[in-house]
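Structure record follows, encoded as structure tokens.
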Amino acid sequence: EISEKYLEDDIINAIQEARFTKLNNTWQKVNIKDIIDTKNLYSIINKEENTQNLIKGIDLSLKKAGKTSEFIKKYNYERFLSPLKIKDLEIPSYIVPIKPQWAEQLFNDKSKEKLNLFEPEYELLLNRENVYYRSASPKIINAPARILWYSSENKLTKVKGSIIATSYVDEIFIDTPKKLFKQFEKLGIYKWKDISETAGNKDKIMAFVFSDTELLKKPISLKNINNIFNVLENKKFMVVAPIKIKTETYLAVYKEGID
């Protein structure tokens, strides 16, 4: 809760981006750490006055914006009450492969002592929002979406591939490499050389904006991913490009990573 009455505009913008809601002259945020369906969410909401007020504020804002579908409501509840995951939120889910050097810069929180081959730019670690570039085809990813990040094997450190984090895809852009680089130069970790290499001889590439990244407490090994895939996806896990997965697969992987 933030009760300071006089805040500068840039502070207010940052608070709103972090999904604080203004109620009774204070900025409030409620965090629910659980994986539940909407019915159980409402049970929790009805027991907590602060959460009730927050939900009323979200509903009012959505109504004013003319966004009243069940999907939009559930999606906003999940985002505002993060790290909540709503079981019956039917949102596209994907596993996105990422090279270990990019994973190091985007997701390494320095909380563990280990060999760092790359020094992250620390302001990027603090950003709620970041951008990631990939080939424009095949266009598998849609927005909004949940994604799980699969960091591939690090050949130098011998660290095996694993799922290490989850984020939300907010927006997708497909354009020429130079236009996207200019648009997101201050947001991402990529330099022009990296984007040029990603594009190769293609005229256009994809950039997707992602936010609210949550590092998993326990990286999910390739063996455990395959076990989940055999049961829920009825196939072997193979990832060289983003792959779409079932909601229940996403939740199973996420649950294992936070338990």
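Counting from 1, the numbers follow the sequence of the chain as shown. The structure presented is a predicted model; accordingly, all values stated were derived computationally and were not measured.
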* With Ser167, the side-chain hydrogen bond (donor to acceptor under 3.5 Å, both in side chains) member among Asp212, Asn130, Thr213 -> Thr213
[X] atom [atom1]: more than 12 heavy-atom contacts under 6.0 Å:
X: Lys179; atom1: NZ; result: no
X: Glu48; atom1: CD; result: no
X: Asn234; atom1: CG; result: no
X: Lys246; atom1: NZ; result: yes

* **side-chain contact (heavy atoms from CB on, under 4.5 Å) partner of Leu81, the single match among Ile55, Ile44, Asn31, Asp34** => Ile55
* Could you tell me whether Lys85 sits above the aromatic face of Tyr254, with NZ or CZ closer than 6.0 angstrom to the six-membered ring centre and within 45 degrees of the axis? => yes
* Tell me whether the guanidinium CZ or amine NZ of Arg134 lies under 6.0 angstrom from the six-membered ring centre of Phe208 and within 45° of its axis. => no
* To do: If the plane angle is over 60° it's perpendicular, under 30° parallel, otherwise tilted; pick one for Tyr77 and Tyr42.
  => perpendicular
* With ring centroids as reference points, do Tyr94 and Trp149 lie under 6.0 angstrom apart? -> no
* Validation row, ring centre Trp102 to ring centre Tyr190 under 6.0 Å -> yes
* List the steps, then state whether side chain to side chain donor-acceptor pair (under 3.5 Å) holds for Thr247 with Arg146. => CA-CA 9 Å; Thr247 296; Arg146 296 169 173 151; 4.9 Å; no
* Asked: Do the charged groups of Lys74 and Asp88 touch, with an N to O distance under 4.0 Å?
  -> yes
* Note: Asp59-Lys63 ion pair, threshold 4.0 Å (strictly below) -> no
* Asked: If you look at every heavy atom in Glu153 and Pro100, which pair is closest and at what distance?
  -> O-CG, 3.9 Å
* Closest approach of Ile86 and Glu78, non-hydrogen atoms and distance? -> N-OE1, 2.7 Å
